[in-house]
Structure formats: structure tokens, C-alpha cells
Amino acid sequence: MQERYLAERIRGTSTTIFTEMSRLATQYQAVNLGQAFPDFPGFHLAKEAACDAITRDLNQYALMHGQATLRHALAEHSRRFYAMELDPDAHITVTCGATEAVFAAILGVINPGDEVILFEPFYDSYLPAVRMAGGKARVVTLRPPDFRVPADELRAAFGPRTRAIIVNTPHNPTGHVFTRQELALIAELCHAHDVVAITDEVYEHIVFDGHRHLRLASLPGMWERTITISSAGKTFSLTGWKVGWAITPAHLAPAVRRTHQFITFAGATPLQEAIAVALRAGDDYFEALRRDYQARRDFMLDLFAQIGLPAYVPEGTYFVLVDIGETDFPDDVAFCRHLVTEVGVAAIPPTAFYINKHEGRHLVRFTFCKRWATLEAAAERLIRLRG
Ligand code: PMP
Ligand code: GLN
């Protein structure tokens with residue numbers, strides 16, 4: 001393929017690391033702990049509700065900003081979990097997954113030349129989205145062992161050109177759940193520099209050990225300047241449905257809606273109806289989700305302890321980072337290549353989530369959103385790494 005036919009905005013990007021690692025997993029029949037998608041059934045109430053919506057012939061275009069039933073359910077969800085009162089019409093826009101919401105928000109807020117602060121490692125779609133909008137990324141690195149926000153470095157990253165900051169909590173791939181103190185610092189700097197915050201909270205319901213997910217938008221003075229993004233994929237184990245949303249004050253809704261209406265216009269109607277039902281699940285559903293993932297996390301931590309690979313304990317999400325700095329492998333890519341071809345387990349080399357590659361070359365990401373049988377099969381293979 002001749003590069004010259006490609007627009008400049010996509011030069012230098014390639015197939016995502018998730019697609020690449022899943023391809024290798026299939027090729028080498030490896031157990032896939034790379035790309036994160038549950039291999040167990042999604043939430044049954046959501047599936048039944050989707051079939052029902054299709055049968056009731058809710059099969060035409062959804063409203064541009066989302067089906068009313070879903071927006072009302074999302075308003076209820078915000079009241080129930082965050083004591084936030086939302087207007088379903090003014091404040092909520094439904095998108096095709098969080099990925100579209102992030103992209104729409106960035107296109108709707110960033111002008112060419114604007115700076116956008118990202119925490120590194122970052123979810124892989126943020127950087128291309130910023131660049132496609134003509135923005136410039138300023139990265140602040142979260143470092144092991146606890147991946148806390150380095151206050152001085154964050155302060156130094158804010159400047160006269162800063163237009164937005166992207167905050168992902170609970171954080172993929174480190175598993176860090178941002179504390180109130182960290183969010184308060186971000187809030188203080190957003191105020192001081194008149195910056196918009198875009199938050200990605202897709203793992204909001206997957207937090208461990210009594211950690212609590214906090215919404216940046218709920219901090220004093222942050223509602224007016226925050227676009228809160230989440231989706232149904234992780235919470236209901238339905239990553240293929242791509243039902244996401246953005247919560248904004250009324251004056252920021254156009255940042256998402258005017259872009260969303262020309263990117264996809266609307267997401268799948270029956271799936272939106274079904275997620276409205278799922279969001280009203282009892283507390284037992286949300287508690288079981290947390291408990292099940294915490295048990296899987298502990299299984300992985302125990303496995304890495306047996307192997308002798310240091311692992312950083314995730315406070316949330318379904319990822320665990322291990323440190324391969326003491327192994328004989330030169331970097332994460334070499335380690336992951338060996339793992340998938342020789343050991344039969346796929347993982348993700350996190351340098352894909354870094355601009356400063358040297359910061360991530362000693363780390364490898366494993367997901368544990370898999371059936372016990374899958375995790376056990378992976379464990380049987382990984383144990384061979386024991387030094
Ligand atoms: N943000 C983060 C941090 C993620 O890990 C993912 C994973 N899929 C997404 C966004 C994408 O969400 P969705 O599938 O709803 O687009
Ligand atoms: N969010 C998933 C992960 O982090 C992958 C999503 C994708 O394949 N784009 O593994």
C-alpha cells in the first residue's frame with residue numbers, strides 16, 4: 001500500500017496492539033490474556049431485554065442523543081451511585097461505546113495547536129484522537145509501584161495552551177483508582193488554567209479492597225468543565241455491544257453531540273433499551289461483579305508470586321501489570337512475543353500506551369476478565385516461567 005494515498009493524520013498509526021495480539025493468540029493457539037473481552041456470558045437480563053426489544057420492533061434509528069429509556073436509566077444510575085442529579089435530556093448523550101464518546105469529545109473541544117494533558121500509560125485511542133483533532137499531547141507519567149499522580153510534574157504540564165486533560169479512573173492498564181486528593185489537585189489546576197476535563201470511567205464498577213470510584217465531575221466546581229464518559233461493556237460483560245455515553249453540563253453537550261451526530265449519529269436501538277434494564281439491576285449484581293473480579297485478581301497475584309514475577313496490585317479494573325525488569329528479556333515486546341509463541345499465553349506489551357517508551361518497557365499487562373478454566377489454563381502454561 002502506498003503511504004502517499006493516506007491522509008497525514010493517520011500516518012504513523014498502525015493496527016492496534018489489541019488486534020495484533022489477538023491475531024497472534026489465534027495463530028499460536030495461545031490463551032488470550034491480552035485483549036480484554038470476557039469469554040463468559042454477558043449479563044442475562046440485558047440479553048433477554050435486547051431480544052425483547054428486537055421482538056417489539058424497536059429496530060429503527062435511536063434518537064441522536066440516545067433512547068429516552070436509557071437516558072432516564074442513566075440519570076437514575078447517577079443518583080443511585082454518585083448522588084448526582086442529571087437532566088436526561090440536557091446532560092446525557094449516548095454514543096457507540098466510550099471510544100466514540102472520547103473521540104467525539106476531543107474533536108468537540110480541541111482546536112489545532114491546543115495542548116491536551118494525558119497520563120501515561122494511556123488507553124490507546126486517546127493519542128490518535130488528540131492528534132487527529134490537531135492537538136498536542138503533554139504527557140505526565142504514572143510510575144510504579146503505586147502509579148500515583150506526580151503532583152509537581154502535573155503542575156508543570158499545565159500552561160497557557162492547555163485546553164483539556166484526559167483522566168482515566170479506574171486506570172487501564174495500571175489498575176490505579178485515583179484518590180480524592182489526586183482528583184482535587186487535577187480540579188485545582190483545571191480551575192486555575194480554565195481547562196476542560198474529559199474522564200473515562202468505564203471501569204467505575206470494578207474496584208477492589210474497599211477502594212471507591214470517585215467522579216471528578218462531583219468535586220466542587222468541576223461539573224461545569226467535565227465530560228464524564230463511561231460505557232456498558234465492562235459493567236455488564238458486553239464489550240461487543242458498544243453502548244457508551246457522555247455526561248456533560250448543558251453548555252458542553254454540543255461538544256459531544258455535534259461531533260457524534262456526524263460520526264455515527266446514533267447507536268443500536270435495541271441494545272440501548274437493554275442497557276436501560278441492566279442499569280437497574282439490584283445491588284447484588286454490582287457486588288458480585290466486584291467480588292468475582294477480586295477473586296480472579298487474587299488468583300493472578302498468587303500465580304505471579306509463585307512464578308517470581310513482581311506484580312503491582314491493581315485497585316480496580318481487570319488488568320494486572322507485572323515487572324519483567326529482572327528477566328532476561330530486553331523489553332515488553334520481546335517478552336510478549338516469546339510468551340505467545342513459546343509459552344502459549346497472549347499478553348499486552350504496554351509500551352503501546354507510552355510516548356516515553358522507556359517508562360513502560362519493563363512492564364507487561366495481563367487481563368483477568370476470563371473464565372476460571374481460561375485462567376487455570378493460562379496458569380498451567382505461565383508456571384513454566386518459574387525461574
Ligand atoms: N476506555 C478504556 C480505558 C478502556 O479500557 C476501554 C476498553 N475497551 C474503552 C475505553 C473502550 O470502551 P468501549 O468498548 O465502550 O468503546
Ligand atoms: N479495552 C480493551 C483492552 O484494553 C481492548 C479494546 C479494543 O480492542 N480496542 O484490552
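For ligands, and for the atoms within them, numbers begin at 1 and follow the listed sequence. Here the structure is a predicted model, which means the values were calculated and not measured. Atoms considered below: every heavy atom in the structure, side chains included; atoms not considered: hydrogens, waters and symmetry mates. All residue numbers refer to positions in the sequence shown, counting from 1.
Taking distance alone, with nitrogen or oxygen atoms compared against 3.5 Å, Ala36 approaches ligand 2 more closely than that limit.
Within ligand 1, the atoms closer than 4.0 Å to a non-hydrogen atom of Asn172 are 3 (C), 4 (C), 5 (O), numbered from 1 in the order shown. Here is the list of ligand 2 atoms found below 4.0 Å of a heavy atom in Lys234: 1 (N). Within ligand 1, counting atoms from 1 as listed, the ones closer than 4.0 Å to a heavy atom of Asn168 are 3 (C). With ligand atoms numbered from 1 in the order given, ligand 1 contributes 6 (C), 7 (C), 8 (N) to contacts under 4.0 Å with heavy atoms of Lys234. Per-residue contacts place Tyr203 under 4.0 angstrom from the following atoms of ligand 1 (heavy atoms of the residue considered): 3 (C), 4 (C), 5 (O), 7 (C). Close contacts of ligand 2 with Phe319, meaning ligand atoms under 4.0 Å from a residue heavy atom, involve 4 (O).
Judged by the 6.0 Å and 45° rule, Arg296 forms a cation-pi pair with Phe40. Both cation-pi conditions hold for Lys370 and Phe37: the charged atom is under 6.0 angstrom from the six-membered ring centre and inside a 45 degree cone around its axis.
From the protein, the heavy atom lying nearest to atom 16 (O) of ligand 1 is Thr99 OG1, 2.5 Å. In this structure, atom 8 (O) of ligand 2 lies nearest to the protein heavy atom Gln35 NE2, 2.7 Å. The single protein non-hydrogen atom nearest to atom 7 (C) of ligand 2 is Phe18 CD1, 3.5 Å, given as residue, atom name and distance. Remark: minimum distance from atom 14 (O) of ligand 1 to any protein heavy atom is reached at Lys242 NZ, 3.1 Å. Shortest contact from atom 2 (C) of ligand 1 to any protein heavy atom: Asp200 OD2, 3.3 Å. In terms of protein heavy-atom proximity, atom 10 (O) of ligand 2 is nearest to Arg365 NH2, 2.7 Å. Shortest contact from atom 6 (C) of ligand 2 to any protein heavy atom: Tyr123 OH, 3.2 Å.
Between Tyr312 and Phe147, the two ring planes are perpendicular [angle over 60°; tilted spans 30° to 60°]. The aromatic rings of Phe158 and His193 sit tilted relative to each other, their planes meeting at an angle between 30° and 60°.
Taking the centre of each ring, Phe236 and Trp241 stay at or above the 6.0 Å mark. Taking the six-membered ring for Trp and the full ring otherwise, the centers of His171 and Phe119 sit at least 6.0 Å from each other. Taking the six-membered ring for Trp and the full ring otherwise, the centers of His205 and His77 sit less than 6.0 Å from each other.
The closest approach between Met21 and ligand 2 stays at or above 4.0 Å for every heavy atom of the residue. Under the 4.0 angstrom criterion for non-hydrogen atoms, Phe37 is not in contact with ligand 2. Note on ligand 2: Asn172 sits in its first shell, one or more heavy atoms being nearer than 4.0 Å.
When all heavy atoms are compared, the tightest approach of Met84 to Ser218 is SD-CB, 4.4 Å.
Arg212 CZ: 12 or fewer foreign heavy atoms inside a 6.0 Å radius.
Side chain of Glu380 to main chain of Ala377: no donor-acceptor pair is present (N/O by atom type, distance under 3.5 Å, no hydrogens or angles).
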*Begin with the C-alpha distance, continue with both residues' side-chain angles, and end with the deciding distance and a verdict on side chain to side chain donor-acceptor pair (under 3.5 Å) for Glu182 and Thr179.*
CA-CA 5 Å; Glu182 288 173 295; Thr179 61; 3.2 Å; yes
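Heavy atoms of Ala98 found under 4.0 angstrom from ligand 1 belong to the backbone as well as the side chain.
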